[in-house]
Structure formats: C-alpha cells, structure tokens
Amino acid sequence: MHDDFSADGWGIETLAIRAGHDRTHEQEHAEPIFPTSSFVYGSAAEAARKFAGEEPGNIYSRFTNPTVRTFEKRLAALEGGERCVATSSGMAAILSTALALLKAGDEIVASRSLFGSTVSLFDKYLGKFGITTRYVELSDMSAWEAAMTPATRLLFAETPSNPLSEVVDIPALAEIARRHDALLAIDNCFLTPVLQRPIQLGADLVIHSATKYIDGQGRAIGGAVVGPDKLLEEVFGVVRTCGPCLSPFNAWIFTKGLETLGLRMKAHSASALELARWLEAHPAVERVHYSGLESHPQHALAKRQQDGFGAVLGLEVKGGREGAWSVIDATRLLSITGNLGDAKTTITHPATTTHGRLSDAQKASAGIADGLIRIAVGLESLDDIKADLSRGLDALA
C-alpha cells in the first residue's frame with residue numbers, strides 16, 4: 001500500500017475500501033483469499049520463533065490467516081478500535097468475549113431487549129459455570145445503576161434493540177461501567193460503524209454479527225469483537241485455543257461487503273424511515289417501533305448518537321398472532337426468514353421465531369407481543385415493498 005489506511009484522517013468510506021490490505025509480492029489490486037490450513041517455515045528455528053511469539057507470522061489458520069487478518073484490520077479501523085478478533089459467528093463473538101473476560105462468580109448486567117440466543121447463552125450456558133446475569137430496561141439508567149454490584153464485570157446491550165428499536169445512552173452507560181470498574185460491550189450489528197461508533201461514545205468493546213450488514217447479501221456466517229489490544233489479546237486466546245474461528249473465504253466475503261457498507265446503510269435507512277412513516281399511518285397498524293420516527297420516545301437520543309436509524313423496524317398489527325401471521329403469509333416479495341441485514345427485505349414473527357425460545361414472562365418483559373412483526377428493509381423498490389405489505393394489511397384493516 002502507498003499509505004497506512006489504518007491511520008487517522010481517512011474518511012470512513014475510504015477505510016471501508018482501503019484499510020487492512022497488505023499487498024503480497026504479486027502486487028494484486030483486490031484482496032486475495034488464502035484457503036490454507038497451515039504455513040511453512042524456512043527452518044526449524046523460524047518455526048520455533050513463530051510458535052513462541054518471538055517473531056510475527058502465520059502459524060495455523062485457526063488463529064492466523066492473512067485473509068482473516070485483512071478483515072480484522074479493516075473492521076478495527078472502521079470502529080476506531082485498536083484491534084479486532086474475528087469469529088465463526090456473532091454468537092461465537094459474544095461467547096469468546098465472555099470466556100476471555102469473565103470467570104465463575106462474576107456478574108453481567110444486560111438489557112432485557114436482547115436477541116433470544118444471547119439470553120439463552122447468558123442464562124443456560126454461562127449460568128451453568130457460575131456467571132450470573134441480571135436484566136434491566138435498556139433505556140432506564142437508574143435500573144442499570146441499581147443492578148451493579150462489586151461482582152459486576154460486564155455490561156452488555158444492543159442499541160438499537162431487536163426488534164423494538166429501543167436505544168440506550170451509550171456515554172451514560174459507559175460512565176456507569178467505569179464507576180464500577182466494569183466493561184461495557186455494545187452489539188453494533190444493526191447500525192454498523194457507518195451509523196454508530198460505540199468506542200467513540202465510551203464503550204470498551206463492540207460486538208458484531210458480520211452475517212448481517214457487514215456481509216449485506218446473506219451469504220456467510222461470521223462475527224467479530226473490536227476493542228483495546230489488551231482485552232482483545234484475551235479474546236484471541238479463546239479463539240486460538242477453543243477454535244471458533246472465521247474461515248478465510250467468509251472473511252473475504254465480509255471484506256468485500258465492507259466496501260459498499262456506507263452506500264448500503266444509507267439506502268437501507270432512507271427506505272426504512274419512509275416505510276415506517278407509511279406504516280404508522282395504516283389503519284391495521286397499532287404501533288411502529290423505529291427510532292427514526294418523531295413519535296419514538298428516544299428519537300432525540302438516537303439522533304444525537306447515531307448517524308442514521310438503520311433498516312430494522314417492528315410493527316404491531318391488529319389481531320395478535322393470527323393477524324401478524326396473516327400479514328406475513330400474504331407477502332409475495334418479502335422473504336419470510338429470521339435473518340436480516342440482506343439486500344432482500346425480510347419479514348418474521350419474533351414471538352415464534354427469533355425470540356421463540358424465551359418464556360412468556362421473558363417475552364412480555366422484552367416487549368415481544370404476539371402481534372409484533374419485524375421487517376428488515378432491503379434495497380428493493382420501496383413501492384414494491386409497500387405493495388407487498390398492503391396485501392395483508394389492507395385485508396386486516
């Protein structure tokens with residue numbers, strides 16, 4: 001490279017295209033894929049130095065691979081973090097973070113408004129090893145403060161939340177974490193660094209499901225953790241030893257996905273805001289959850305700490321589960337799937353899919369109503385999306 005594209009001073013659009021690529025002796029323009037399990041050495045002494053960490057270089061693709069490293073360096077540059085560790089999925093990123101930084105007897109304070117699998121991970125699996133999680137209302141700073149104890153080591157939140165688009169004041173939450181000598185991790189996969197940079201707002205760690213908008217086309221599974229080198233060295237140790245590593249091919253897909261991230265997120269956000277306003281006026285819709293709406297209770301906060309409102313919105317329709325299912329089943333264009341972050345608009349019923357494993361009490365606490373539908377607005381014609389939803393909504397009205 002002619003310049004250090006991980007350095008300060010470059011725009012985020014430039015970093016998304018240029019950062020992290022160290023050209024090989026072949027002088028390739030596009031980033032190469034290294035689909036190799038291992039690497040060779042010129043001598044036994046060189047191998048010994050690299051295995052001992054005395055000399056930089058590749059060892060084994062479970063934890064050192066040039067393609068994965070390119071993705072890690074690029075995402076770290078975008079998030080403004082010292083280092084990134086890539087993982088096999090977003091859930092693997094959360095698990096690796098917990099295994100690296102927590103031990104039996106430690107406590108997590110987390111938002112009630114978390115992805116269902118994250119709740120299961122915290123309660124069923126981390127709980128089995130003596131790590132306790134307490135859940136609080138995402139936006140209630142007094143509840144976060146009251147939940148802290150001397151054993152609290154990690155605060156964990158998604159903002160905006162899935163699927164109600166609730167928002168937490170990241171700087172205020174970071175201050176609570178600092179006062180109690182705890183770490184703050186923010187799941188940023190809904191907005192990406194294009195629309196929100198939690199580290200700049202005071203967070204210690206940023207978690208990503210790269211499967212979502214970083215890819216942007218629903219092609220690959222992967223995750224990442226971004227933060228200070230000291231903390232990420234521990235996360236790297238988990239990936240090295242336990243093996244939840246990202247494949248080189250998926251890393252290449254995510255690296256290429258980052259090149260269009262800025263354009264895509266702005267387009268997703270613009271369409272989602274227009275759709276949310278249209279849905280809010282529809283007689284079959286009882287409520288729309290989207291932080292870009294002026295009616296959203298945290299709209300001012302979202303405007304202050306975000307550069308856009310993202311693509312995911314929730315709508316509550318008349319008729320409970322039967323009404324929601326009828327709207328979903330009437331679609332012909334939208335994809336009925338639990339995934340999001342795709343160029344294709346997706347639609348799902350959270351209470352019976354993404355949050356289906358939660359108890360009724362947990363669903364009620366998280367605001368997952370039977371009539372709630374989640375839409376992740378894609379990049380199709382907005383008129384076509386509206387027409388597809390009108391088929392079911394008009395019948396319900």
Side-chain angles (χ1 to χ4, degrees), residues 90-91 93-94 108-123 133-141 143-144 147 154-174 184-192 195-196 198 201 203 205-209 211-213 265 268-269 272-273 276 287-293 295-306 308-316 338-341 346 348-351 353-358 361-369 371-377:
M91 291 309 305
I94 300 172
I108 302 169
V109 178
S111 161
R112 296 188 198 279
S113 306
L114 291 181
F115 178 48
S117 291
T118 306
V119 175
S120 297
L121 170 63
F122 287 172
D123 290 350
T133 303
R134 280 189 302 283
Y135 297 94
V136 299
E137 291 297 328
L138 176 64
S139 60
D140 186 346
M141 305 314 297
W144 285 94
L154 179 67
L155 280 66
F156 190 95
E158 298 173 13
T159 181
S161 70
N162 175 18
L164 300 183
S165 198
E166 298 167 297
V167 179
V168 72
D169 187 328
I170 296 176
L173 196 55
L184 172 60
I186 296 293
D187 186 324
N188 198 33
C189 80
F190 270 31
L191 292 184
T192 80
L195 302 182
Q196 179 173 266
L201 296 170
L205 299 163
V206 177
I207 306 289
H208 278 286
S209 171
T211 312
K212 311 302 191 295
Y213 294 101
M265 292 310 296
H268 281 299
S269 296
L273 180 57
R287 185 177 180 186
V288 178
H289 302 272
Y290 186 67
S291 63
L293 293 173
S295 59
H296 191 283
Q298 297 158 299
H299 176 65
L301 171 60
K303 282 183 68 176
R304 187 164 69 245
Q305 71 181 21
Q306 301 170 193
F309 305 105
V312 181
L313 58 88
L315 64 146
E316 295 182 35
N339 195 33
L340 55 90
T346 65
T348 193
H349 184 244
T353 59
T354 57
H355 294 69
R357 287 182 292 169
L358 301 184
Q362 287 174 318
K363 289 177 190 175
S365 177
I368 308 299
L372 179 68
I373 296 170
R374 187 189 73 192
I375 298 174
V377 183

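Hydrogens, waters and symmetry mates are skipped; everything else that's a heavy atom, side chains included, is used.
- Ala351 and Lys363 get closest at one heavy-atom pair: O-NZ, 2.9 Å.
- With rounding to the nearest 0.5 Å, the separation of OG in Ser291 from CG in Leu191 is 7.0 Å.
- Aromatic pair His268/Tyr213: ring centres closer than 6.0 Å.
- Here OG of Ser165 is found 9.0 Å from CZ of Phe309. Values are rounded to the nearest 0.5 Å.
- Here CD1 of Ile108 is found 10.5 Å from CZ of Arg134. Values are rounded to the nearest 0.5 Å.
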Please test Val136 against Arg112 for side-chain contact (heavy atoms from CB on, under 4.5 Å), starting from the C-alpha separation and ending with a verdict. CA-CA 5 Å; Val136 299; Arg112 296 188 198 279; 5.6 Å; no

Arg287 and Leu315: side-chain contact (heavy atoms from CB on, under 4.5 Å), yes or no, with the steps? CA-CA 6 Å; Arg287 185 177 180 186; Leu315 64 146; over 6 Å; no

Let's go through Leu138 and Glu158 carefully: what are the C-alpha distance in whole Å and the side-chain angles of both, what is the deciding distance for side-chain contact (heavy atoms from CB on, under 4.5 Å) to 0.1 Å, and is it a yes or a no? CA-CA 8 Å; Leu138 176 64; Glu158 298 173 13; over 6 Å; no

Stepwise, does the side-chain contact (heavy atoms from CB on, under 4.5 Å) test hold for Thr346 with Ile375? CA-CA 6 Å; Thr346 65; Ile375 298 174; over 6 Å; no

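- Heavy atoms only, all atoms of each residue included: Leu372 and Pro163 are closest at CD2-CG, 3.6 Å.
- Residues satisfying the ring pair (Phe, Tyr, Trp, His ring centres under 6.0 Å) test with Phe156, not counting sequence neighbours, are Phe122.
- In terms of modelled atom types and a separation under 3.5 Å, the side chain of Ser120 and the main chain of Gly116 share a donor-acceptor contact.
- Judged by distance alone, the side chain of Ser269 and the main-chain N or O of Gly308 form no donor-acceptor pair under 3.5 Å.
- Here the CG-CE distance, from Leu195 to Met265, works out to 4.5 Å after rounding to the nearest 0.5 Å.
- Rounded to the nearest 0.5 Å, atoms NE2 (His299) and CG (Leu293) are 8.0 Å apart.
- Across all their heavy atoms, His208 and Ala93 have their closest contact at O-CB, 4.2 Å.
- For the pair Tyr290 and Gly310, the tightest heavy-atom approach, listed with the atom from each and the gap, is OH-O, 2.5 Å.
- Judged by distance alone, the side chain of Gln196 and the main-chain N or O of Gln306 form no donor-acceptor pair under 3.5 Å.
- You'll find the side chain of Leu313 stays beyond 4.5 Å of the side chain of Arg374, heavy atoms only.
- For the residue pair Ala376 and Leu340, the shortest heavy atom distance occurs at CB-CB, 3.5 Å.
- Between the side chain of Thr348 and the main chain of Pro350, no donor-acceptor pair closer than 3.5 Å is present.
- The minimum heavy-atom distance linking Pro160 with Phe190 is given by the pair O-CD2, 4.0 Å.
- Between the CD1 atom in Ile186 and the OG1 atom in Thr159 there is a gap of 6.5 Å [rounded to 0.5 Å].
- Between Asp169 and Gln298, the closest side-chain pair of non-hydrogen atoms is not below 4.5 Å.
- If you check the side chains of His289 and Glu166, you find no donor sitting under 3.5 Å from an acceptor.
- Using a 4.5 Å heavy-atom cutoff, the side chains of Lys212 and Asn339 are in contact.
- Residues that satisfy the ring pair (Phe, Tyr, Trp, His ring centres under 6.0 Å) test with Tyr135, not counting sequence neighbours, are absent from this structure.
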